[in-house]
There are 2 protein chains.
Amino acid sequence: MARMSGFRHVVMFGWVDGTTTQQQQEVADRLLELPGIIPEIQAYSVGADAGVNPGNHDFVVVADFADRDGYVAYRDHPAHRAVVDQYIKPLVARRAAVQYELR
Amino acid sequence: MARMSGFRHVVMFGWVDGTTTQQQQEVADRLLELPGIIPEIQAYSVGADAGVNPGNHDFVVVADFADRDGYVAYRDHPAHRAVVDQYIKPLVARRAAVQYELR
């Protein structure tokens, strides 16, 4: 089992009723552009819930950075803010997040 | 950016008021024994929220498997069930989870 170091951001969303798969795919597509824009991103994974368990949230982002400052640069980066404000916020009914030190 | 494949389980917990750091560490310690017990686990990371943003959940688990069946084997494994029932359930006030295909 590879040992990881760095700082990880994990956020989950539950979408408002009526959110379409297309809208969700648009969120994924816009987010997946960010690694090409924000150099602090070291690993970036997004995905829609696979429907294995009931009651889950709908979508998750897992993003790795060298350290806390790298995450904060991502969090406050204009390109990230734009995706959040334009594509994510209008669709969010539930949100859960944790950021933690990778050991 | 390395391309990932497989199946990822992400779960976050918000603890009940009064949960101690020691109780949280016990959860982490018990969970971190599971990779040595459940062979389907390919990567396993747990962590307490670093306090960077207000309103976050308290704790997260990110676990990777070869595929959906590998995750289900973990989910239903007696050793995992025991940690959930004995150490996690008594402390949980909030829970959010997503499982998704890694691409």
Side-chain angles (χ1 to χ4, degrees), chain A residues 1-15 24 28 32-36 38-39 41-65 67-76 93-103, chain B residues 1-15 24 28 32-36 38-39 41-65 67-76 93-103:
Chain A
M1 196 81 47
R3 282 192 63 77
M4 295 176 264
S5 73
F7 194 80
R8 175 169 286 174
H9 162 62
V10 185
V11 60
M12 295 182 192
F13 303 108
W15 304 129
Q24 178 169 265
L32 287 173
E33 292 168 355
L34 295 179
I38 305 174
I41 298 172
Q42 297 191 335
Y44 202 75
S45 172
V46 308
D49 184 61
V52 179
N53 297 310
N56 275 5
H57 278 50
D58 299 308
F59 192 84
V60 66
V61 178
V62 180
D64 292 353
F65 305 89
D67 51 35
R68 178 187 293 234
D69 291 344
Y71 159 67
V72 172
Y74 161 82
R75 182 193 67 187
D76 299 341
R94 295 188 299 170
R95 181 182 182 280
V98 167
Q99 293 87 33
Y100 69 108
E101 298 283 349
L102 280 171
R103 287 179 229 287
Chain B
M1 197 76 52
R3 282 192 63 77
M4 293 176 266
S5 75
F7 195 81
R8 174 169 287 174
H9 162 62
V10 185
V11 60
M12 294 182 193
F13 302 108
W15 304 129
Q24 178 169 265
L32 288 172
E33 290 170 354
L34 295 179
I38 304 174
I41 298 173
Q42 296 191 335
Y44 202 77
S45 172
V46 307
D49 183 62
V52 179
N53 299 309
N56 275 5
H57 278 51
D58 299 308
F59 193 83
V60 66
V61 178
V62 180
D64 291 353
F65 306 89
D67 50 35
R68 180 188 293 237
D69 291 344
Y71 159 67
V72 172
Y74 161 81
R75 182 194 67 186
D76 300 341
R94 296 189 297 169
R95 182 182 182 279
V98 167
Q99 294 86 34
Y100 69 109
E101 299 283 349
L102 280 170
R103 290 180 225 285

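Chain letters run A, B, ... following the sequence lines, proteins first, then strands; residues in each count from 1.
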Identify which part of [X] has an atom lying under 4.5 Å from any heavy atom of chain B, answering side chain, backbone, both or neither.
| X | value |
| --- | --- |
| A:Val46 | backbone |
| A:Phe59 | backbone |
| A:Arg94 | neither |
| A:Ala97 | both |

Step by step, would you call A:Tyr100 with B:Asn56 a side chain to side chain donor-acceptor pair (under 3.5 Å)?
CA-CA 11 Å; A:Tyr100 69 108; B:Asn56 275 5; over 6 Å; no

I need the residue from [options] with the largest number of non-hydrogen atom pairs under 4.5 Å to chain B.
| options | value |
| --- | --- |
| A:Arg95, A:Arg68, A:Gln99, A:His57 | A:Gln99 |
| A:Ala48, A:Gly55, A:Gly51 | A:Ala48 |
| A:Val72, A:Val10, A:Asn53 | A:Asn53 |

For a quick test of reading the model, state the closest non-hydrogen atom pair linking B:Val98 to A:Gly47 and the distance between them.
CG1-O, 4.5 Å

Side chains of A:Arg8 and B:Val60: does their closest heavy-atom pair fall under 4.5 Å?
no

Measuring only between side-chain heavy atoms, which start at C-beta, is A:Val52 closer than 4.5 Å to B:Arg75?
yes

Atom group of B:Ala96 that falls short of 4.5 Å from chain A, counting heavy atoms:
both

